[in-house]
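Data block below; observations after.
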Number of protein chains: 2
Amino acid sequence: MADSIIERLRAGGKKLTKARRAILEALERSSVPITAGELHARLRKVRVPIDLVTVYRNLGMLQKLGLVTAVGLHDGQMRYEVRHGREHHHHIQCRGCGKIVDLMLCPIKKLTAVVEAKTKFAVESHTLEFFGWCPQCR
Amino acid sequence: MADSIIERLRAGGKKLTKARRAILEALERSSVPITAGELHARLRKVRVPIDLVTVYRNLGMLQKLGLVTAVGLHDGQMRYEVRHGREHHHHIQCRGCGKIVDLMLCPIKKLTAVVEAKTKFAVESHTLEFFGWCPQCR
DNA sequence: TTGATAAATGCAAACCATCTGCATTTTGGG
DNA sequence: CCCAAAATGCAGATGGTTTGCATTTATCAA
């Protein structure tokens, strides 16, 4: 696990527990955002039987610290991915099989100024997700 | 209510009930996407006391017919807006007060081809939402 | 190393948005 | 006006997520 992650936890007065370490490692192993339930199942497979509540609490906390990002794909649950060491990006999900693929692009940065001028809001973040049909499902 | 809406309902074998008409009218009155609960409350105010379940069922159906669009702002519930007669657009929401403003722009159309080339997916739709701080809250 | 203490965990139960089943009512075509 | 299909209301279920509380664990200073 990266030192910078541990530092950020310390800075937030957080401890590095067995559960927390396992959660972060599982997230780092995943190439696409996963749900709390999926994360919970994977931890069980790796013999780290953490309570689902603990998963939720950690995800919430890690989000607040900016170590984890939440992704909503409108299927009734949130997904999470580590932010550390990964570039800002977006996703596309198949409407058939649910497969998710990272999209290493972002056309929004240039647009922020326009949005701020139009709305007088201070833009803080954005979400951008694509939906479609993967090669197998179309 | 626009004739084209009624036509689309007919084409789908749907009836134009009092409840349904009221739901569509309430949605047309709203300039930004609202939740099922908010919609339900507004209907009550207009003396159309429909069951919340009916609101949900209608929203689901109208979505399938393409008359209504669902918007997810990651606050634990979906929001809905009429699609008929309105241009494709996106939104920005204030992290302070929750205020939502329409953003009549979309930088994504040009990007679809790029995404399809990169992923081999057939892109069907996308979501794009901004978050920030409104003039009053920042 | 030990002890104190704040943080973290597990378990049970609560919450909340949303959906389902079913009996009853309403709509629209014939 | 009648009737079948569609729609509604009510009650209760569902599933993701959160909260309360007693117990355990990580950290740090002595």
Side-chain angles (χ1 to χ4, degrees), chain A residues 1 3 5-26 33-44 47-65 67-80 98, chain B residues 1 3 5-26 33-44 46-65 67-68 70-80 98:
Chain A
M1 168 141 29
D3 285 347
I5 289 182
I6 298 172
E7 274 169 38
R8 281 232 232 171
L9 287 175
R10 285 248 166 75
K14 307 300 178 187
K15 300 176 176 176
L16 185 57
T17 61
K18 210 183 313 174
R20 188 160 294 163
R21 160 173 260 118
I23 287 170
L24 282 163
E25 286 173 353
I34 58 179
T35 66
E38 288 167 350
L39 182 47
H40 182 241
R42 293 185 192 192
L43 291 172
R44 170 165 301 210
R47 299 283 140 69
V48 188
I50 298 168
D51 195 279
L52 181 56
V53 175
T54 300
V55 174
Y56 274 109
R57 279 196 274 234
N58 273 284
L59 288 173
M61 185 271 285
L62 293 169
Q63 234 184 297
K64 272 188 199 139
L65 285 194
L67 292 169
V68 158
T69 306
V71 180
L73 298 179
H74 299 194
D75 57 348
Q77 56 199 323
M78 285 293 130
R79 290 166 191 281
Y80 304 86
Chain B
M1 167 139 27
D3 286 347
I5 289 182
I6 297 171
E7 274 170 37
R8 281 232 233 174
L9 287 175
R10 286 247 167 76
K14 307 300 178 188
K15 298 176 177 176
L16 185 57
T17 60
K18 209 184 312 175
R20 188 159 294 162
R21 159 174 261 119
I23 287 172
L24 283 163
E25 286 173 353
I34 57 179
T35 66
E38 289 167 349
L39 181 47
H40 182 241
R42 292 184 191 192
L43 291 172
R44 170 166 301 210
V46 195
R47 297 285 141 69
V48 187
I50 297 168
D51 195 279
L52 181 57
V53 175
T54 300
V55 174
Y56 274 109
R57 278 196 276 236
N58 272 284
L59 288 173
M61 184 272 284
L62 293 169
Q63 234 185 300
K64 273 190 198 136
L65 285 192
L67 293 169
V68 158
V71 180
L73 298 180
H74 300 193
D75 58 349
Q77 57 200 322
M78 285 292 130
R79 290 167 191 280
Y80 303 87

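Keep in mind that this is a model prediction, so the values were computed, not measured. Numbered from 1 within each chain, the chains take letters A, B, ... in sequence-line order.
- Closest approach of Ile5(A) to Met1(A), counting heavy atoms only: CG2-SD, 3.9 Å.
- When the C1' atom of dC19(C) is taken as reference, atom CE of Met78(B) falls 15 Å away, rounded to whole Å.
- Near DNA chain D, defined here as any heavy-atom distance below 4.0 Å, the residues from residues 51-59 of chain B are Asp51(B), Val53(B), Thr54(B), Arg57(B), Asn58(B), listed numerically.
- One end of the helix from dT1(C)-dA30(D) to dG30(C)-dC1(D) points its axis 40° away from the other end's axis, with each axis taken from 5 pairs and the angle rounded to 10°.
- Whole-Å rounding puts the His74(A) NE2 to dA17(C) P distance at 17 Å.
- Here Leu59(B) contributes atom CG and Leu67(B) contributes atom CG; the two are 11.5 Å apart, rounded to the nearest 0.5 Å.
- The only option from Val53(A), Thr54(A), Leu52(A) that meets the side chain to side chain contact (heavy atoms under 4.5 Å, CB included) definition with Tyr56(A) turns out to be Leu52(A).
- Between Ala36(B) and Met61(A), the residue anchored nearer the 5' end of DNA chain C, judged by the nucleotide with its closest heavy atom, is Met61(A).
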Solution key, residues 8-21 of chain A side-chain donor-acceptor pairs under 3.5 Å, sequence neighbours excluded:
| unit_1 | atom_1 | unit_2 | atom_2 | d |
| --- | --- | --- | --- | --- |
| Arg8(A) | NH1 | Leu65(A) | O | 3.0 |
| Thr17(A) | OG1 | Arg20(A) | N | 3.1 |
| Arg20(A) | NE | Asn58(A) | OD1 | 2.5 |
| Arg20(A) | NH1 | Lys15(A) | O | 2.7 |
| Arg20(A) | NH2 | Asn58(A) | OD1 | 3.2 |

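- Interface limits on DNA chain D: the 5'-most and 3'-most nucleotides within less than 4.0 Å of chain B heavy atoms are dA5(D) to dA11(D).
- Of all heavy-atom pairs spanning Val71(B) and His74(A), the tightest one is C-CE1, 4.4 Å.
- A distance of 11.5 Å separates OG1 of Thr69(A) from OH of Tyr80(A), quoted to the nearest 0.5 Å.
- The heavy-atom pair separating Ala36(A) from Val55(A) by the smallest distance is O-CG1, 3.8 Å.
- Ile23(A) contributes atom CD1, which lies 13.5 Å from atom CZ of Arg42(A) (distance to the nearest 0.5 angstrom).
- The two residues Ile50(B) and Ala22(B) have their closest heavy-atom pair at CD1-CB, 4.4 Å.
- The heavy-atom pair separating Ala70(B) from Gln63(B) by the smallest distance is CB-NE2, 3.5 Å.
- Contacts classified as salt bridge (Lys or Arg N to Asp or Glu O under 4.0 Å) and involving residues 47-65 of chain B (residues at least two apart or in different chains) are not found.
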Under 3.5 Å, which N/O atoms of the protein pair with N/O atoms of nucleotides 27-30 of chain C?
| unit_1 | atom_1 | unit_2 | atom_2 | d |
| --- | --- | --- | --- | --- |
| dT27(C) | O2 | Lys15(B) | NZ | 2.4 |
| dG28(C) | OP1 | Leu16(B) | N | 3.2 |

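- Position along DNA chain D of the nearest nucleotide to Arg79(A) versus Gly13(B) favours Gly13(B) as the more 5'-ward residue.
- The CZ atom of Arg21(A) sits 15 Å away from the P atom of dA8(C) (whole-angstrom rounding).
- In this structure, CZ on Arg79(B) lies 9.0 Å from CD1 on Ile34(B), to the nearest 0.5 angstrom.
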